[in-house]
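This report concerns only the one structure given below.
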Amino acid sequence: MTSFAEFIQQQLGATDRADLGLLLNQFASACKSIGNAINRAAFTGASGVSNTDNVQGEHQKKLDIISNDLMIGWTQWGGHAAAMVSEELEAMYSLPPELQRGRYLLAFDPLDGSSNVDVNISVGSIFSVLLAPDQHRAARAEDFLQPGTQQVAAGYALYGPSTMLVLTTGQGVNGFTLDAATGEFMLTHPAMSIEPETREFAINASNMRHWETPVQRYIDECLAGKEGPRGNNFNMRWVASMVAEVHRILMRGGVFMYPRDNRDPAKPGKLRLLYEANPMSFIVEQAGGASTTGTQRILELQPDHIHQRVAVMLGSRHEIERIVSYHRT
Ligand code: P6P
């Protein structure tokens with residue numbers, strides 16, 4: 001069975017992006033450390049909340065901060081990172097001056113779904129990699145404001161019943177499972193692809209009264225079941241952990257929706273574009289799925305802020321096409 005390091009060597013070793021392969025190995029090490037910190041939190045006192053909020057105004061868990069520190073610590077030393085953006089940091093993270101900078105911009109959510117971590121429900125880490133536009137100068141925050149189509153790699157770790165790493169470098173999607181006996185991520189899910197059809201959707205139904213009409217119509221039709229216009233019964237899931245939802249969709253199809261709602265017209269959605277929507281959209285499209293705001297392909301959006309939020313509807317292509325058609329009528 002192929003290890004993550006062997007796979008990266010095969011996929012990138014003989015290309016002009018061997019340095020990206022080294023960086024991805026550092027991401028893999030960071031995810032192993034984060035998974036270990038989560039698994040041992042009950043013994044180390046790392047459970048529970050810190051007394052701080054992040055830029056999103058969310059109460060930070062101690063593990064949010066620990067995961068952020070681990071993600072930075074593992075990736076900043078290798079000489080491949082130009083700068084970083086994290087859900088947990090308001091400003092762009094510039095590398096300490098004594099460290100060698102590389103050509104890759106890293107954007108990540110170090111612990112996604114962390115509201116689940118203290119109740120032992122799956123959480124994850126999400127990362128996105130872009131090329132720095134000018135490698136002859138220190139990176140600036142505006143360098144991160146590239147459409148998702150510019151990503152050179154994206155991936156997530158899922159800390160669930162098993163710890164997995166799922167990755168794309170633009171050549172399909174591959175899944176790796178951590179072998180605790182060796183500490184290696186092993187290629188267990190090659191060439192992952194999303195079923196174009198599905199009868200399963202994921203949305204936080206408690207927000208129903210705030211949804212816009214096309215979303216309300218789509219969900220109502222799913223809920224109407226066999227007797228309704230879809231002529232089929234549908235199933236619903238909501239884990240409140242995007243990584244877990246996207247992984248389920250990769251494994252058995254489905255639709256994940258976090259639409260904009262009419263509570264705050266200035267707020268186009270909850271999820272963040274640079275380190276949640278874009279990496280997950282890259283992965284989903286590489287696996288044959290689709291990802292939209294309802295009216296625009298997410299990967300084509302031009303970001304205007306490093307913590308910009310966006311509506312997200314992604315998954316099985318035929319269902320996403322239906323949702324987009326409802327936004328046109
Ligand atoms: P809600 C986690 O905070 C997250 O960013 C995603 O992982 C998840 O899908 C969503 O928010 C959950 O949001 O409003 O249901 O708690």
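For ligands, and for the atoms within them, numbers begin at 1 and follow the listed sequence.
Applying the 4.0 Å criterion to heavy atoms of F256 picks out, from ligand 1, the atoms 9 (O). Under a 4.0 Å criterion applied to the non-hydrogen atoms of R272, ligand 1 contributes the atoms 5 (O).
Remark: side-chain polar atoms of S50 are paired, donor with acceptor, to backbone N or O of T52 under 3.5 angstrom. Between the side chain of Q308 and the backbone N or O of L274 there is no donor-acceptor pair closer than 3.5 Å.
Checking E200 against N235 by side-chain atom types alone, a donor-acceptor pair falls below 3.5 Å. Side-chain contact check for D19 and Y104: at least one donor-acceptor pair (N or O, by modelled atom type) lies under 3.5 Å. Side chains of S125 and Y159: a donor-acceptor N/O pair is present below 3.5 angstrom, by distance only.
In terms of protein heavy atoms, atom 16 (O) of ligand 1 is closest to K270 NZ, 3.6 Å. The nearest protein atom to atom 5 (O) of ligand 1, hydrogens excluded, is given as E276 OE2, 3.2 Å; this is a heavy-atom distance. In this structure, the protein non-hydrogen atom closest to atom 14 (O) of ligand 1 is Y258 OH, 2.6 Å.
Of all the listed residues (M257, E245, M242), M242 holds the heavy atom that lies closest to atom 6 (C) of ligand 1.
Between F27 and the options W74, F4, F127, a ring pair (Phe, Tyr, Trp, His ring centres under 6.0 Å) holds for only F127.
With a heavy-atom cut-off of 4.0 Å, V239 does not touch ligand 1 at all.
Some N or O of N204 is nearer than 3.5 Å to an N or O of ligand 1, by distance alone.
Aromatic ring centres of F256 and W238: separated by under 6.0 Å.
Ligand 1 lies within reach of G113, whose nearest heavy atom is under 4.0 Å from it.
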